[in-house]
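Since the structure comes first, as structure tokens, the remarks are kept for the end.
Heavy atoms only: backbone and side chains are in, while hydrogens, waters and symmetry mates are out. Since the structure is predicted, the reported quantities are computational estimates derived from the model, not experimental observations.
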Amino acid sequence: GWGIVQSFKDVMGFWFDPVGFPKKEYGGWQFSNYTLLAEKFRIITSSGWVYLPKMLKNTLVYCIFYGFLSLVGPIMTSYIYAKYSKRVKWTKIVWILLLINMYVPLSASLASSIELSMKLGYYDNIWLFSICSLGGFGGCFLVYYAVWKGLSWDYAEAAFIDGAGHFRVFLSIMLPMTATVFGVLFITAVIGNWSDYQTPMIYLPSYPTLALGVFGLQFSVETGMTGVPVKLAGLLVCAVPMFTLFMVFKDKIMTSLTIGGLKG
């Protein structure tokens, strides 16, 4: 609430009264802060200036496409591990490697990851970078592993009797039963990716997102863009959509991951 109120002040009004509502003697309500933001909100890249519409487009691609593919891989891997691991003795090794990869800090992993992305050609390519997120592990692996373990295998056996194959069972029977969990994880991934500025800054320098643009506001020297109210307006432009999305789906998110999700 404080941020919303202060984003409608001019610079002098904010410095003289950084807590109260805008006053007439200091310019009153400055709706032009958001107009100025729409006109001058930009960030420099190696290919030139990128403005708000392009940043919004990059953000949507990164949040939706990257977020979706980053879930598909762990879902399939966790399903195989949960339902077929007893057939292979060395699957415990995979489990140990997964935990090491998630929880043991590897200080040199960032440098090697950047070098690998450059050699494979998906560095600074938002579409290829999103496709390369189709990995098999991560935090979603653990969530979906618990989901698959909670689903009865009787459904699959009944489908096998009717002639369905393993992939058919997964795609037509098991996966639809966990659609709610998938939706919750996807929304969570979108919210997380929306506010992530570090990954685009490191791997996608030519595709700045809104979060990266807001991060760059602190270094802006544009006329009218150096004041705190305009920077607060930029923060709100980035934060309000995801705040709204969370408020709409918060009950579904909480109940699905605590009670109903593990039951499919």
Would you say [X]'s side chain and [Y]'s backbone share a donor-acceptor pair under 3.5 angstrom?
X: S85; Y: A82; answer: no
X: D17; Y: G13; answer: no
X: Q218; Y: F215; answer: yes
X: D196; Y: G192; answer: no
X: K9; Y: G20; answer: yes

Cluster overlap [X] with [Y], hydrophobic side-chain contacts below 4.5 Å:
X: W153; Y: F167; value: yes
X: L217; Y: W2; value: yes
X: I202; Y: I43; value: yes
X: L60; Y: M242; value: yes
X: I191; Y: M247; value: yes

Are any of the side-chain heavy atoms of L210 and L56 separated by less than 4.5 Å? yes
Where [X] and [Y] come nearest, the two heavy atoms and their spacing:
X: P205; Y: T45; value: O-CG2, 3.4 Å
X: S70; Y: P74; value: O-CD, 3.1 Å
X: V237; Y: P241; value: O-CD, 3.2 Å

Mind checking the [atom1]-[atom2] spacing from [X] to [Y]? Nearest 0.5 Å is all I need.
X: L151; Y: L175; atom1: CG; atom2: CG; answer: 10.5 Å
X: L236; Y: I4; atom1: CG; atom2: CD1; answer: 5.5 Å
X: I75; Y: F170; atom1: CD1; atom2: CZ; answer: 6.5 Å
X: S78; Y: K83; atom1: OG; atom2: NZ; answer: 10.5 Å
X: Y122; Y: L116; atom1: OH; atom2: CG; answer: 4.5 Å
X: T209; Y: L204; atom1: OG1; atom2: CG; answer: 8.5 Å

Would you say [X] has more than 12 foreign heavy atoms packed within less than 6.0 Å of its [atom1]?
X: Y155; atom1: OH; value: no
X: F160; atom1: CZ; value: yes
X: M76; atom1: CE; value: no
X: K57; atom1: NZ; value: no
X: M118; atom1: CE; value: yes

As a quick check of understanding, evaluate side-chain contact (heavy atoms from CB on, under 4.5 Å) for V19 and V5, giving each step before the final call. CA-CA 9 Å; V19 178; V5 172; over 6 Å; no
Intermediate values then yes/no, side-chain contact (heavy atoms from CB on, under 4.5 Å), L212 and M55: CA-CA 9 Å; L212 183 56; M55 282 190 280; over 6 Å; no
Out of N33, V230, L232, which residue meets the side-chain contact (heavy atoms from CB on, under 4.5 Å) rule with S7? L232
What residues form a side-chain contact (heavy atoms from CB on, under 4.5 Å) with A164, not counting sequence neighbours? A159, R168, V169
Can you name the side-chain hydrogen bond (donor to acceptor under 3.5 Å, both in side chains) partners of Y207, sequence neighbours left out? none
My understanding is that only residues two or more places apart in sequence, or in another chain, count here; which of them pass side-chain hydrogen bond (donor to acceptor under 3.5 Å, both in side chains) with Y123? none
Residue pair D124 / S206, side-chain donor-acceptor N/O under 3.5 Å: yes
Under a 3.5 Å cutoff, is there a donor and acceptor pairing between the side chains of S117 and Y203? no
Kindly assign one of parallel, tilted or perpendicular to the pair [X] and [Y], based on the angle between their ring planes and the thresholds 30° and 60°.
X: F186; Y: F68; result: perpendicular
X: Y66; Y: Y62; result: parallel
X: W148; Y: Y144; result: tilted

What residues, two or more places apart in sequence or in another chain, satisfy salt bridge (Lys or Arg N to Asp or Glu O under 4.0 Å) together with E115? K119
For residues 5-25, which residue pairs pass the ring pair (Phe, Tyr, Trp, His ring centres under 6.0 Å) check, not counting sequence neighbours? F8-W29, F8-F31, F8-Y34, F16-Y26
Please confirm whether the ring centroid of W127 lies under 6.0 Å from the ring centroid of F65. yes
Would you list the pairs meeting salt bridge (Lys or Arg N to Asp or Glu O under 4.0 Å) in which at least one residue belongs to residues 144-160, sequence neighbours left out? none
Step-by-step side-chain contact (heavy atoms from CB on, under 4.5 Å) determination, V72 to L134: CA-CA 7 Å; V72 173; L134 195 63; 3.8 Å; yes
Start with the C-alpha gap between C140 and L71, add the side-chain angles, then the distance that decides, and say whether side-chain contact (heavy atoms from CB on, under 4.5 Å) holds. CA-CA 7 Å; C140 294; L71 291 179; 3.0 Å; yes
